[in-house]
Amino acid sequence: MIDLKLLRAEPDVVRESQRSRGADPTVVDQVLDADATHRAALADFEARRAEQKALGKEVAQASGDAKQQLLVRTKQLAGQVKELQASADAAAARAVELARSLGNIPEPGVPSGGEDDFTVLRQEGEPRDFGAEGVEVQDHLAIGERLRAIDMERGAKVSGARFYFLTGVGARLELAILNAAMGIAQDAGFTPMITPTLVRPETMAGTGFLGAHADEIYYLERDDLYLTGTSEVALAGYHTDEILDLSSGPLRYAGWSACYRREAGSAGRDTRGIIRVHQFHKVEMFSYVTAADAAAEHARFLEIQERMLQALELPYRLIDTAAGDLGSSAARKFDCEAWLPSQERWMEVTSTSNCTTYQARRLAIRERGDNGTTPVATINGTIGTTRWIVALLENHQQADGSVHVPEILRPYLGGLKRLEPVA
RNA sequence: GGAGACGUGACUGAGCGGCCGAAAGUGCAUCCCUGCUAAGGAUGUGAUGGGGUAACCCAUCCGUGGGUUCAAAUCCCACCGUCUCCGCCA
């Protein structure tokens, strides 16, 4: 949720933010309206309630006839107070609901527009010239099957479309990627965390995932629990309702978890292989940081992600996501996209968002300042996922059907330098 | 699954209809004392929202949500959570 004080003081900033996201700027006026209504209703209720409390004290001291007379008045007041409270509560609920529908305000420099309006900031590494090397490019599934690393057919048999088994070297490769990611995060000062993947509705709603993309989320009705699509949910929920001490720097966590996504709106997209699946694993960085330091921490996240990409020897480009594709919580989002040789396109492998104080305000996570408490900022970002297997297999495939293993993964693969096809 | 106990501020913990936003202690902050440290003394120390130029004032909050009452941390109901014992499973 954005800061209502900012909204009152500078509604134009928020209107402009809405426009750049392709959202409705008139919501701003609805919020202002609802906010004014709420404050008026609240003042009415509070005045009447103060009266009731004062009379209540007199009742306690009075006796006999005087008391009976007071009780007549005070009973009448009680009814009024109850009504005023109900309407103040209703007004508050409406104001908050409207305010919550406003997206975070994009950082200066974020391109406006939708999914295709991103800016390419730079490219690192060159895609290999497979033709010149005499390599006939295979896609990750073909490679994975030759290595006996990926089994889609049995995944579908057991669980349905977009499920898979990672077998043998495939399973080891995933563990290697995630362990390497965990290692990099730990070296960068992040506390390793293994998080719950089932969360209560309050947590899911608090982290902002039940908004526009609620369709994407698995829900267990019998238990009233949601399956998380990222450990960000649990890590953001971790400090809900707390006042943090950030005087010695940000709180940094690296969460390892299974992730579940329904992929409801993406029928027909990326149907082959494990690019887009219902269940995968991910190592996610998450920081709680003083608002003023949020952009610097965001830059740090990007640097760590690039360290991982470079360690895995993948060519990639960096994009600055457009306002309309930020998601409601983010003020800025950088994606790293690795080259996908079989499709000759770039494929998202990491994403890092600066949510500024938007998420923390909603979750009531603050720190103590000189005059009272202030919401902290939250930053999240990927370091490794199952999808990296795709980039790895394709970019490191060799003419003989084997796959080169980058140095960083070898300790986790018993020293293997190449993954060899199984006859 | 059965039986019971309990959820109060940063923490421990008292309060069980009005004098309670809440005793006491710990911690923390400032000051005093002290050669340094330790010990000691004094004062202060919750959050959220609203109003005011300001000192400050008002309201709300004792797990969450309802209810009873003129009045609820305190009584009633539901839910969530924690702990103990028994059973069951591993």
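So you know, we letter chains A, B, ... as the sequences are listed, proteins then strands, and number each from 1.
- Here B:C70 presents its P atom at 5 Å from NZ of A:K75, a figure rounded to the nearest Å.
- Taking the charged nitrogens against the carboxylate oxygens, A:E153 and A:K157 have no contact shorter than 4.0 Å, which rules out a salt bridge.
- Under 4.0 Å is where a charged nitrogen must lie from a carboxylate oxygen, and between A:R49 and A:E46 no such pair does.
- Protein atom CD of A:E51 is 12 Å distant from nucleotide atom P of B:A59, rounded to whole Å.
- Projected onto RNA chain B by closest heavy-atom contact, A:D35 and A:F45 fall at different nucleotides, the more 5' of which corresponds to A:D35.
- Residue pairs meeting the side chain to side chain donor-acceptor pair (under 3.5 Å) criterion with at least one partner in residues 320-331 of chain A, sequence neighbours excluded, are A:D320-A:R332.
- Using a cutoff of 4.0 Å between basic side-chain nitrogens and carboxylate oxygens, A:D44 and A:R48 are not scored as salt-bridged.
- As a whole-Å value, the separation of A:K53 NZ from B:G18 P is 14 Å.
- Comparing the C1' positions of B:G65 and B:G7 gives a spacing of 16 Å, expressed to the nearest Å.
- Using a 4.0 Å heavy-atom distance criterion, A:R8 is classed as a sugar-phosphate-only contact.
- Here, B:U82 and B:G25 have their P atoms 33 Å apart, quoted to the whole Å.
- Taking atom C1' on both nucleotides, B:A39 is separated from B:U45 by 23 Å, rounded to a whole Å.
- Sorted by first then second residue, the side chain to side chain donor-acceptor pair (under 3.5 Å) pairs that include residues 84-103 of chain A, not counting sequence neighbours, number zero.
- As rounded to the nearest Å, B:A22 and B:G18 have C1' atoms that lie 14 Å from one another.
- Of the P atoms belonging to B:A73 and B:C80, the separation is 24 Å, rounded to the nearest Å.
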Report task. Any chance you could list the contact pattern along nucleotides 78-83 of chain B? Use B for base contacts, S for sugar-phosphate-only contacts and - for none, protein heavy atoms under 4.0 Å, 5' to 3'. Result -> --S---
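- A salt bridge links A:E306 and A:R122; the closest N-O separation between the charged side-chain nitrogens and carboxylate oxygens is under 4.0 Å.
- A residue-by-residue look at A:G56 and A:R49 shows that A:G56 has its nearest nucleotide of RNA chain B further toward the 5' end.
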**Report entry** Watson-Crick or G-U pairs under 3.5 Å in RNA chain B, rendered as dot-bracket with [ ] for crossing pairs and | for another strand
**Finding:** ((((((((.[[[..)..(.....]]]((((((.......))))))((((((....)))))).[[[[[..)....]]]]])))))))....
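- Electrostatic pairing of A:D224 and A:R200 does not count as a salt bridge here, judged by no charged N lying under 4.0 Å from a carboxylate O.
- When rounded to the nearest whole Å, the span between CZ of A:R39 and P of B:G52 equals 9 Å.
- A salt bridge links A:R19 with A:E16: the closest approach of a Lys/Arg side-chain nitrogen to an acidic carboxylate oxygen falls below 4.0 angstrom.
- A salt bridge (Lys or Arg N to Asp or Glu O under 4.0 Å) with A:R276 is found for exactly one of A:E216, A:E348, A:E263, namely A:E263.
- B:A10 and B:C70: their C1' atoms are spaced 37 Å apart (whole Å).
- For the segment residues 82-94 of chain A, the set of residues with a heavy atom within less than 4.0 Å of an atom of RNA chain B comprises A:K82, in numerical order.
- At a non-hydrogen distance threshold of 4.0 Å, nothing from residues 231-241 of chain A comes into contact with RNA chain B.
- Taking atom P in both B:G13 and B:U26, one finds a spacing of 15 Å when rounded to whole Å.
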